[in-house]
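Read through the structure below, which is laid out as structure tokens, and then see the notes.
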Amino acid sequence: MPELPEVEVTRLSFGERIRGARVLAVRLGKPLRWPLGAEPSALVGTTVGETRRRGKYLWLALDRGGLLLHLGMSGSLRFAPEAPPPGAHDHFDLVTDRGTLRLTDPRRFGAVVWSEGVDAAPAARLLAGLGIEPFDEAFTGAHLHAALKRRRVAVKTALLAGDIVVGAGNIYACEALFAAGIDPRARSDTLSRPRCERLAAAVRATLAQALALGGSTLRDFRDAHGTAGAFQQQTAVYGREGLPCRVCGRAIRRIVQAQRSTFFCPRCQKR
DNA sequence: AAGTGGACCTGCTAGC
DNA sequence: TGCTAGCAGGTCCACT
């Protein structure tokens with residue numbers, strides 16, 4: 001699910017509300033991708049600080065250390081004053097005096113990991129190697145061009161890898177490539193500087209638009225209030241195999257790259 | 001060293 | 001109606 005817009009929408013929907021809350025209890029469900037790495041009881045009595053995002057990770061600061069959260073493929077967070085009894089897919093509850101922050105994640109690719117700090121293990125190790133933030137001013141066409149030059153993979157694969165720029169997952173990588181008029185199969189080191197300028201701008205614009213629409217809800221994404229996103233209703237290519245391109249009318253194609261579906265318009269997007 | 005494929009886990013849908 | 005194959009928003013790790 002959750003690419004940068006969904007993670008950021010989630011953060012915005014509970015970060016301020018939970019700030020300053022006192023932790024009353026921690027409840028764990030089935031195992032997630034990694035163990036919590038702390039005794040749940042050790043978190044009780046601490047106070048929640050700032051909620052930050054890095055790539056698709058969230059960092060929830062506590063008095064001492066904090067929690068690094070990832071939503072995986074199917075995770076979502078809710079924060080509400082009253083939480084119903086945990087269901088089969090509710091695998092983490094942070095019960096506070098202002099409400100319960102609950103991770104629901106059917107596939108359990110998500111994670112909640114306690115760490116002494118963002119810059120300490122294990123958080124630091126998970127965040128190491130992440131690419132630049134797309135809304136950072138250092139993410140320029142020049143930066144992208146230089147990074148893509150060092151690879152010899154399909155440009156879509158390079159975007160998805162997340163070590164050049166973070167945040168664009170399968171939906172938004174497809175959408176950004178369409179917006180930039182670039183064939184997802186084009187080899188990363190063949191893209192001209194001007195095309196990289198267009199691609200960098202398209203990545204930012206696509207993510208910004210998705211953010212403004214509350215993200216994409218394909219099946220189960222919700223923000224911390226329980227609200228669904230709306231971006232999925234206006235994708236240009238993602239999930240539109242066989243349907244006419246909104247620009248030229250040609251049928252959108254689906255191919256597989258790096259074991260993921262890629263959608264593109266064979267006329268509007270060029271190598 | 002970069003590139004590729006498998007692994008993790010569950011649920012839903014299309015097709016027979 | 002019921003079963004099965006295929007697919008799903010991510011990313012770490014082992015291997016070539």
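Below, each value reflects all heavy atoms present in this structure, side chains not excepted, and no hydrogens, waters or symmetry copies. All of these numbers come straight from a predicted model, not from anything done at the bench. Reminder, nothing fancy here: chain letters follow the sequence lines and each chain counts from 1.
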Whole-Å gap separating C1' (C/dG10) and CG (A/Leu58): 14 Å
Short side-chain N/O contact to C/dC7 OP1/OP2 from A/Arg254, under 4.0 Å: yes
Side-chain polar contacts of residues 25-50 of chain A - donor-acceptor pairs under 3.5 angstrom, sequence neighbours left out - could you list them?
unit_1	atom_1	unit_2	atom_2	d
A/Arg27	NE	A/Asp93	OD2	3.1
A/Arg27	NH2	A/Asp90	O	2.9
A/Thr46	OG1	A/Leu43	O	2.6

Which atom pairs, donor and acceptor, lie under 3.5 Å between side-chain atoms of residues 244-253 of chain A and protein residues at least two apart or in another chain?
unit_1	atom_1	unit_2	atom_2	d
A/Arg246	NE	A/Thr235	O	3.0
A/Arg246	NH2	A/Thr235	O	2.8

Pairing pattern in dot-bracket form [Watson-Crick, G-U; both distances under 3.5 Å; | = partner strand] for DNA chain C: .|||||||.|||||||
Sugar-phosphate only, base, or nothing, as touched by A/Tyr57 at under 4.0 Å among non-hydrogen atoms: sugar-phosphate
Sugar-phosphate only, base, or nothing, as touched by A/Arg260 at under 4.0 Å among non-hydrogen atoms: base
Residue pairs fulfilling ring pair (Phe, Tyr, Trp, His ring centres under 6.0 Å) with at least one residue in residues 57-91 of chain A, sequence neighbours excluded: A/Tyr57-A/His70
A/Glu6 and A/Tyr172: side chain donor to acceptor below 3.5 Å: yes
Interatomic distance, A/Gln257 CD vs B/dG3 P [rounded to whole Å]: 14 Å
Contacts of A/Leu243 that satisfy side chain to side chain contact (heavy atoms under 4.5 Å, CB included) - sequence neighbours left out: A/Arg240
Close side-chain approach of A/Ser192 to A/Arg195, heavy-atom, < 4.5 Å: yes
Rounded distance (Å) that lies between atom C1' of C/dG10 and atom CG of A/Leu159: 15 Å
Short side-chain N/O contact to C/dT11 OP1/OP2 from A/Lys56, under 4.0 Å: yes
A/Asp105 CG to C/dG10 P, straight-line distance once rounded to whole Å: 13 Å
Touch class at under 4.0 angstrom, heavy-atom based, for A/Thr157 against every strand present: nothing
Protein-nucleotide distance (A/Met73, atom CE; C/dT11, atom C1'), rounded to Å: 10 Å
Separation of atom CG in A/Asn170 from atom P in C/dA8, rounded to whole Å: 8 Å
Whole angstrom value for the distance that separates P of B/dA2 from CG of A/Leu148: 14 Å
With A/Phe92 via ring-ring contact (aromatic ring centres under 6.0 Å, His included) - residues at least two apart: none
Qualifying residues under side chain to side chain contact (heavy atoms under 4.5 Å, CB included), relative to A/Val153, sequence neighbours excluded: A/Arg151, A/Thr157, A/Ala158, A/Ser188
Same-atom distance (P) from C/dT1 to B/dG11, integer angstrom: 22 Å
Spacing of A/Glu6 atom CD relative to C/dA8 atom P, expressed in whole Å: 16 Å
Pairs satisfying ring pair (Phe, Tyr, Trp, His ring centres under 6.0 Å), at least one member in residues 245-264 of chain A, at least two apart: A/Tyr238-A/Phe263
Per-nucleotide protein contact string for nucleotides 7-16 of chain B, where B marks a base within reach and S marks sugar-phosphate only (heavy atoms under 4.0 Å, - for neither): -BBBSS----
